[in-house]
Amino acid sequence: MTYEEIQTILKKETNAILNIPITDQYEKAIDLIVEYVHEKRGKLVISGMGKAGQIGQNISTTFCSTGTPSIFLHPSEAQHGDLGVLQENDLLLLITNSGETREIIELVELARGLYEQVPIIVITGNNSSALAKKADVFLLTGNPAEVCPLDLTPTTSTTVMTVMGDILVVGTMKRINFSISEYAKRHHGGYLGDKSRNAEIRVKELNKEK
């Protein structure tokens, strides 16, 4: 692959990120997460199928590490008993580029059969899709063209989904005033554990100096 081809891919993915629609739906999504997880003591249940599901797993673990309890629920496994992980005061974050993924639509029906009022946030590329219409909050990806030469493999769309997840994580962290001290409690090992604990010590030293 040539330098120019790589540059073209980078530019297309960058433009897709910069063209994510910015609406008040982000604030509404964060409101729901804070209300149900941090006030009502529920958890954020994230689901998606295929590549979107893999992005969902990453978003879920990032939420956990930053003080918002979350779990990934595979939509197919949900039909075989794993739906039992859903409890009162939980909320759903569903990720689907088409907004028409059969397993996710079925998950909505099953979840609302268990808890009729469960709030649903949807990340999708289609605002007229079945899932967008069922959602309490829907966040649009902008439906970017994939950089895949076949325009089939989830590439640009999953990049955008990842960034949208980061927006929700960072927005929630700010709303709950998530601190270095709380971060350190959740990261005992590895580089990030050392970094967060050292930063916590430095903050304490600066507070003593004041």
Side-chain angles (χ1 to χ4, degrees), residues 16-17 19-37 40 42-60 63 68 70-80 82-146 151-169 171-172:
I17 292 170
N19 284 302
I20 294 172
I22 301 173
T23 69
D24 64 351
Q25 296 291 294
Y26 283 96
E27 195 65 23
K28 290 179 180 178
I30 293 167
D31 284 344
L32 282 176
I33 294 168
V34 171
E35 178 186 354
Y36 279 81
V37 180
K40 295 183 176 180
K43 63 183 176 294
L44 178 61
V45 179
I46 301 179
S47 191
M49 196 71 188
K51 303 296 188 296
Q54 293 170 357
I55 299 305
Q57 291 179 57
N58 176 63
I59 295 171
S60 180
F63 265 113
T68 296
S70 177
I71 190 169
F72 178 78
L73 174 62
H74 194 287
S76 293
E77 297 297 341
Q79 298 190 22
H80 296 272
D82 283 11
L83 184 66
V85 76
L86 190 67
Q87 296 173 291
E88 191 173 3
N89 293 331
D90 289 351
L91 74 159
L92 289 170
L93 170 58
L94 307 177
I95 306 173
T96 161
N97 192 43
S98 69
E100 301 288 349
T101 306
R102 174 180 56 80
E103 294 87 347
I104 301 296
I105 293 173
E106 291 172 354
L107 177 59
V108 171
E109 302 304 323
L110 292 168
R112 286 191 164 157
L114 193 59
Y115 296 105
E116 187 176 358
Q117 301 302 320
V118 60
I120 295 176
I121 303 166
V122 172
I123 291 177
T124 181
N126 183 358
N127 64 354
S128 61
S129 63
L131 281 163
K133 292 174 182 177
K134 292 177 183 291
D136 296 284
V137 173
F138 62 90
L139 304 170
L140 296 176
T141 65
N143 195 28
E146 307 289 4
D151 193 27
L152 293 173
T153 307
T155 45
T156 315
S157 61
T158 51
T159 298
V160 167
M161 290 170 181
T162 299
V163 172
M164 293 170 73
D166 288 344
I167 293 170
L168 295 179
V169 168
T172 303

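Reckoned from all heavy atoms, side chains included, excluding hydrogens, waters and symmetry mates.
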- Does the side chain of Ile59 come within less than 4.5 Å of Ile46's, by heavy atoms? yes

- Thr172 side chain near Val37 side chain, heavy-atom distance below 4.5 Å: no

- Item | Under the salt bridge (Lys or Arg N to Asp or Glu O under 4.0 Å) test, residues paired with Glu109 that sit two or more places apart | Lys134

- Side-chain donor/acceptor of Thr155 to backbone N/O of Thr153, under 3.5 Å: yes

- Message: Less than 4.5 Å apart, side chain to side chain, heavy atoms only: is that true for Leu92 and Val122?
- Response: no

- Task: Quick one: closest heavy-atom pair of Ile71 and Lys43, and the distance?
- Result: CG2-CE, 4.0 Å

- Does Val137 offer a backbone N or O that forms a donor-acceptor pair with the side chain of Gln25 under 3.5 Å? no

- Exercise: identify the closest heavy-atom pair between Thr96 and Met161: C-CE, 4.1 Å

- Task: Spell out, as yes or no, whether a donor-acceptor pair under 3.5 Å connects the side chain of Asp136 to the backbone of Ile120.
- Result: yes

- Message: Looking at every heavy atom in both Gly171 and Ile30, which two are closest together, and how far apart are they?
- Response: CA-CD1, 3.7 Å

- Item | Flag side-chain contact, heavy atom, 4.5 Å: Leu86 against Leu73 | no

- Spacing of CG belonging to Asn143 relative to OG1 belonging to Thr124, to within rounding of 0.5 Å: 8.0 Å

- Is a side-chain donor or acceptor of Asp90 paired with a backbone partner of Gly42 at a separation under 3.5 angstrom? no

- Message: Quick check: do Phe138 and Lys133 have side-chain heavy atoms less than 4.5 Å from each other?
- Response: no

- Drop me the distance from Ile105's CD1 to Leu131's CG, to the nearest 0.5 angstrom. 5.0 Å

- Query: Any donor and acceptor pair, going by atom type alone, linking the side chain of Ser129 with main-chain N or O of Glu100 inside 3.5 Å?
  - Reply: no

- Look only at the side chain of Ser47 and the backbone of Leu94, and say whether a donor-acceptor pair between them is shorter than 3.5 Å. no

- Message: Can you give me the closest heavy-atom contact between Ile17 and Val163, atom names plus distance?
- Response: CD1-CG2, 3.9 Å

- Please examine the side chains of Leu139 and Leu168, heavy atoms only from C-beta on, and report whether any two atoms are closer than 4.5 Å. yes

- Rounded to the nearest 0.5 Å, how far does CG of Asn127 lie from CG of Leu140? 5.0 Å

- Message: On a heavy-atom basis, which atom in Pro21 and which in Gly142 lie closest, and how many Å separate them?
- Response: CD-N, 3.6 Å

Side-chain donor-acceptor distances from residues 50-57 under 3.5 Å, at least two apart:
none

- Side-chain heavy-atom pair Leu107, Leu83 within 4.5 angstrom cut-off: yes

- Message: Does any part of the side chain of Leu93, heavy atoms only, come nearer than 4.5 Å to the side chain of Ile123, both counted from C-beta?
- Response: yes

- Item | Rounded distance [0.5 Å steps], NE2 in His74 versus CE in Met49 | 4.5 Å

- Query: Would you say Glu106 has more than 12 foreign heavy atoms packed within less than 6.0 Å of its CD?
  - Reply: yes

- Message: Quick check against the 3.5 Å criterion: does Thr68 have a side-chain atom that pairs as donor or acceptor with the backbone of Phe63?
- Response: no

- Distance, nearest 0.5 Å, that separates CD of Glu27 from CD1 of Ile22: 13.0 Å

- Minimum heavy-atom separation for Gly125 to Thr141, with atom names? CA-OG1, 3.2 Å

